[in-house]
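Working notes, beginning with the structure itself.
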Amino acid sequence: MLDVRNWFEEVAERTAMTVERLPLDELGGWSRCASTGNIRHDSGKFFTVQGLDVRLPGRAVDAWTQPIINQPEVGILGILIRRLDGGPQLLMQAKNEPGNHDGPQVSPTVQATRSNYTRVHKGRPVPYLEHFRNPSGRVLADVRQSEQGAWFYRKRNRNMVVEVGEDVEVLDGFRWLTLEQVHGLLAVPDLVNMDARTVLACLPVLGRPAPGADGFRAALIRSRDPRQGAEHGIDEVLSWLSGIRSTVDISTEPIPLNRIRQWHRSDGRISHESGRFFDIIGVRVVSAGREVSSWTQPMIEPIGTGVVAFLVRRIGGVLHALVHARVEPGYTDVVELAPTVQCVPANYDHLPPAARPLFLDAVLGAPPERIRYDTVLSEEGGRFYHARNRYLIVETDEDPAPGHPDFRWLAMHQVVELLRHSYYLNVQARTLSACLDSLTSAAG
């Protein structure tokens, strides 16, 4: 771990980044459309900040409008992997992003939007990109996955893992890390970035269980074996999710940014009149070691730190996670499986009690001996400014809401199976899946 820390300190010195807040109207290369108010790049690429009208009849909050990022490009998030006698190694990058909470973070081998890797910005080529655009190695995972459906409109990225030989040149800012080392780093706040976590979740079972696993870890390891049982069969789970997707009554309509209600533009930013949720801000970035040395852009700045948690339970000796069929307006397919709890608690202080997330108080009030994982992690730093969530895994002996129509217990081998397909588990659930996987490995 110390060796990794030293590497990060060296990279941070060479890739110093300064981020300065800037009024939205002063962003160079970006403009606000006179008729719609939408904020877009002059090239027509990258992304647009626009409005979204959402209607959810019958819900505690049944209608609202909001700003949202529309980035229709499919980017590439990829990790190169090799196998040595000591086990699998992953080629990871120490990468700084303007929204990162505290400097560089452990990132995938490749993390690039289509505008980046086609060099719309006229910057340097993306290293290692050819291994993912035209793979010559063995492809272990290749699946399109969504991102935050509350902040992105139908955003998705191609998540890939490609196995290569030992002859890949290691460039400055990159390093081979063992899977155990990467798993160990997931316990460190704000160190492994969101893009790395979503790809890690898509990895096939590669690690070797830590010796002498205790009862919880033994149940977790056993639960990843597809021969083990589950509370609900996978066909039943898929039918349940398809039924919700087919019957949920939601309407989402992109609208001009200047037509969103209860949001106002002042002091160079866009904010909700309540002071909650998030702001749209502008930043100027100057960075060494990036494809482009300086740029400006809009970003989402959340208000408050979120709570994202899985309740887990041993059923027949097999560990299950309680997933929530969650509606978010930006999802491509209406509903995805989310963690048991996913919210910013402060956003619910002004809402009726019926709108308060189920199980939030149970998670926050869990005794320490029941908490299996508890770390604050950063979200995507390329579009979100200092977005952080407290990720928790809490073990329970009881079913807190038996028969609830929006929740199901899934064995971990079922989670692994669903991660091989697009748009089943949301990005927060994928992070928690990677964090659970990390508990099966010895610390690196």
Side-chain angles (χ1 to χ4, degrees), residues 8 11 15 17 46-47 69 71 73-81 90-117 126-129 131-133 140-149 151-152 155-162 173-175 177 179 182-183 185-186 188-203 287 289-291 297 299-300 302 308 330 336 375-389 391 419 422-423 425-435 437-438:
F8 258 67
V11 172
T15 61
M17 175 178 285
F46 300 106
F47 63 92
I69 294 175
Q71 186 173 335
E73 303 176 343
V74 177
I76 293 176
L77 308 177
I79 292 178
L80 291 181
I81 190 169
L90 286 62
L91 186 61
M92 308 302 289
Q93 180 180 184
K95 186 169 186 176
N96 211 345
E97 294 282 6
N100 283 4
H101 177 67
D102 190 22
Q105 297 179 359
V106 177
S107 306
T109 317
V110 166
Q111 172 185 319
T113 67
R114 192 172 192 281
S115 289
N116 288 144
Y117 68 72
V126 175
Y128 304 108
L129 180 65
H131 290 283
F132 302 96
R133 294 194 72 185
L140 301 182
D142 189 354
V143 59
R144 295 200 306 174
Q145 299 286 14
S146 65
E147 299 204 0
Q148 286 84 350
W151 296 338
F152 279 122
K155 174 75 164 63
R156 60 265 191 223
N157 276 316
R158 189 179 179 188
N159 289 226
M160 301 182 69
V161 180
V162 176
F174 294 80
R175 177 168 291 196
L177 300 177
L179 182 60
V182 175
H183 278 167
L185 295 174
L186 279 167
V188 181
D190 301 308
L191 192 55
V192 179
N193 82 353
M194 185 198 82
D195 295 319
R197 299 190 308 260
T198 183
V199 181
L200 287 170
C202 298
L203 273 173
S287 176
R290 292 290 296 259
E291 293 88 356
Q297 67 172 91
M299 302 191 80
I300 285 180
V308 178
E336 294 191 9
T375 305
V376 174
L377 299 173
S378 297
E379 302 306 324
E380 208 272 330
R383 300 292 177 264
F384 312 141
Y385 186 79
H386 292 186
R388 306 172 78 213
N389 284 305
Y391 281 89
L419 284 168
S422 300
Y423 314 138
L425 268 74
N426 76 357
V427 68
Q428 292 89 351
R430 297 197 303 272
T431 280
L432 283 174
S433 177
C435 295
D437 287 345
S438 75

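What's counted below: heavy atoms across the whole structure, side chains too, no hydrogens, waters or symmetry copies.
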Given side-chain contact (heavy atoms from CB on, under 4.5 Å), test D195 with E380 step by step and report yes or no.
CA-CA 7 Å; D195 295 319; E380 208 272 330; 3.8 Å; yes
All side chain to side chain donor-acceptor pair (under 3.5 Å) counterparts of [X], not counting sequence neighbours:
X	result
S107	N193
Q93	none
R175	D3
Y391	E379

Checking [X] now: which residues fulfil ring-ring contact (aromatic ring centres under 6.0 Å, His included) with it, not counting sequence neighbours?
X	result
H386	H101
F47	W30
Y128	F174
F152	F384

Tell me the closest heavy-atom pair linking [X] and [Y], and the distance in Å.
X	Y	answer
L432	V308	CD1-CG1, 3.9 Å
S146	E336	OG-OE1, 2.8 Å
Q297	G382	NE2-O, 2.8 Å
L377	C435	CD1-SG, 4.1 Å
T431	R197	OG1-NE, 2.9 Å
P127	V110	O-CG2, 3.3 Å

Return the set of residues passing side-chain contact (heavy atoms from CB on, under 4.5 Å) with [X] (not counting sequence neighbours), or none when no residue passes.
X	result
N157	L77, E147, K155, N159
D102	none
N96	M17, N100, P104

Can you name the one residue among Q105, R383, Q111 that meets side-chain hydrogen bond (donor to acceptor under 3.5 Å, both in side chains) with E97?
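Output: one option passes, namely Q111.
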Could you walk me through whether L186 and T375 pass the side-chain contact (heavy atoms from CB on, under 4.5 Å) test, one step at a time?
CA-CA 8 Å; L186 279 167; T375 305; over 6 Å; no
Interatomic distance, [X] atom [atom1] to [Y] atom [atom2] [nearest 0.5 angstrom]:
X	Y	atom1	atom2	value
S438	L185	OG	CG	10.0 Å
R388	S378	CZ	OG	6.0 Å
M160	D142	CE	CG	4.0 Å
L91	T109	CG	OG1	4.5 Å
L419	S433	CG	OG	5.0 Å

Determine, stepwise, if the pair I81 / L90 fulfils side-chain contact (heavy atoms from CB on, under 4.5 Å).
CA-CA 5 Å; I81 190 169; L90 286 62; 4.0 Å; yes
Compare all side-chain heavy atoms of V427 with those of Q145 and state whether any distance is below 4.5 angstrom.
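Not touching, per the 4.5 Å side-chain cut-off.
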Any donor-acceptor N or O pair under 3.5 Å, side chains Q71, T113:
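No, no side-chain donor-acceptor contact under 3.5 Å.
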With no hydrogens and no angle check, just 3.5 Å: does a side-chain donor-acceptor pair link T198 and R430?
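Result is yes, a qualifying pair exists.
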Begin from the C-alpha positions of D190 and V376 and carry the test side-chain contact (heavy atoms from CB on, under 4.5 Å) through to its verdict.
CA-CA 6 Å; D190 301 308; V376 174; 4.2 Å; yes
